[in-house]
Amino acid sequence: MSESTILVERAEKVGIIRLNRPKALNALSATLIEELLKALKAFDQDAGIAAIILTGTERVFCAGADIKEQKELSFVRAYNTDYLKNLNDGLFAVHKPVIGVVNGYALGGGCELAMMCDILYAGENAVFGQPEIKLGTIPGAGGTQRLIRAIGKSKAMHMILTGETINAAEAEASGLVAKILPVDKVLGAAIETAQKIASFSAPVVAMAKEAVNEAEELGLKSGLHFESRLYHSCFGLTDHAEGFGAFLAKRDPQWVNE
Ligand code: CO8
């Protein structure tokens, strides 16, 4: 039997998914994408899991689309099968927060996969780039759309048109990643953050994630309206009464996730 292209583990309420094609630098083969989406869905539906971490190895997060596989694809087949669109759709569908932990290369589809995560932590050796131009193609899984939102037009255009990479410090300075840590510490720090998120009311976390993600889709007026409606919905939660009551009673809240 061939080795799984991902490794899955749990740390209390945190589900951890590691990309596992070290010989191909975790390139996104069709099999890897299928297994990744299956694992994400399983964690998302698992009541014992409250947050998800997506990472690679200490050397590489992901070197992008599998160049060997992509080389064999014709335009018609790519177009008719919506090649790689399922990755964006699959990540979009996850309700629980996904923290991406990037050590080493996050290139092409790897950089795009990182940007599909809700929060990004990077090891000091992280390298982000959209080198597709050097292969005679363009980013195909959100690079031209998400990078501009993350780091602004000029920096995004520079990366996409030159294929040049940025390092962890540049990624943090430009807002692409939330934190940089030493390579051997970054996963542990992300797990701690995920545990912290997991300690809050699950429906409230899901609503906060949805509202923030909608900011990328909606204009300000519609976004504020959407936020108000979700905020008003919180008033119906048992956890809302519990959180406010616990604060006033000067005790820790006991969330029931309802
Ligand atoms: N696909 C398949 N195999 C790869 C890939 C890849 N993207 N990247 C590296 N490999 C393989 C190499 O072929 C090599 O295999 P082998 O040992 O059999 O020759 C092995 O991994 C190790 O690679 P290197 O010897 O090149 O390792 P180096 O440390 O010298 O270099 C680099 C590391 C800089 C990461 C280099 O491998 C590299 O530049 N890789 C290609 C990066 C790239 O161009 N990525 C963009 C791909 S196109 C893309 O992502 C389009 C996005 C479309 C949407 C995708 C959504 C899922």
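Quick caveat: nothing in here was measured; it's all calculated off a predicted structure. Residue numbers count from 1 along this sequence. Both ligands and their constituent atoms are indexed starting at 1 by order of listing.
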- Message: Arg251 vs Glu242, test: salt bridge (charged side-chain N to carboxylate O under 4.0 Å, His left out). Steps then yes/no.
- Response: CA-CA 10 Å; Arg251 63 171 173 80; Glu242 171 63 10; 2.7 Å; yes
To the nearest 0.1 Å, how far is [atom] from its closest protein heavy atom, and which atom is that?
atom                    : answer
atom 13 (O) of ligand 1 : Lys68 NZ, 3.9 Å
atom 8 (N) of ligand 1  : Ala63 CB, 3.5 Å
atom 53 (C) of ligand 1 : Gly140 N, 3.7 Å
atom 56 (C) of ligand 1 : Ala141 CB, 3.3 Å
atom 36 (C) of ligand 1 : Leu25 CD1, 4.5 Å
atom 1 (N) of ligand 1  : Ile67 N, 2.9 Å

- So Phe75 and Tyr79, would you call those rings parallel, tilted or perpendicular, with 30° and 60° as cut-offs? tilted
Nearest protein heavy atom under 4.0 Å from [atom], yes or no:
atom                    : value
atom 48 (S) of ligand 1 : yes
atom 45 (N) of ligand 1 : yes
atom 16 (P) of ligand 1 : no
atom 38 (C) of ligand 1 : no
atom 26 (O) of ligand 1 : no
atom 23 (O) of ligand 1 : yes

- Residue part near ligand 1, for Arg59, under 4.0 Å between non-hydrogen atoms: side chain
- Item | Proximity to ligand 1 by part of Leu28, non-hydrogen separation under 4.0 Å |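 For Leu28, the contact with ligand 1 is made by the side chain alone.
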Regarding [atom]: of the candidates [options], which has the closest heavy atom?
atom                    : options                      : answer
atom 5 (C) of ligand 1  : Gly142, Gly136, Ala24, Pro22 : Ala24
atom 55 (C) of ligand 1 : Leu113, Ile133, Leu84, Asn88 : Leu84
atom 51 (C) of ligand 1 : Lys85, Glu132, Met116        : Glu132
atom 54 (C) of ligand 1 : Glu69, Lys23, Glu112         : Glu112

- Message: For Pro139, state whether at least one heavy atom is located under 4.0 Å from any atom of ligand 1.
- Response: no
- Polar atom proximity, Leu107 to ligand 1 (N or O, under 3.5 Å):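 No, no N or O pair falls under 3.5 Å.
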- Message: What I want to know is whether Thr137 and ligand 1 share at least one N or O pair that is separated by under 3.5 angstrom.
- Response: no
- Query: Does Gln195 CD have over 12 foreign heavy atoms under 6.0 Å away?
  - Reply: yes
- Message: The test is salt bridge (charged side-chain N to carboxylate O under 4.0 Å, His left out); show your working for Arg77 and Glu72 and say whether it passes.
- Response: CA-CA 10 Å; Arg77 192 160 155 69; Glu72 303 308 316; over 6 Å; no
- Task: Give a yes or no answer on whether the side chain of Asn125 reaches the backbone of Glu58 with a donor-acceptor pair at less than 3.5 Å.
- Result: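 Between the backbone of Glu58 and the side chain of Asn125 there is a qualifying donor-acceptor contact (under 3.5 Å).
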- Message: Between Asn20 and Ser4 (side chain of the first, backbone of the second, donor and acceptor by atom type, cut-off under 3.5 Å), is there such a pair?
- Response: yes
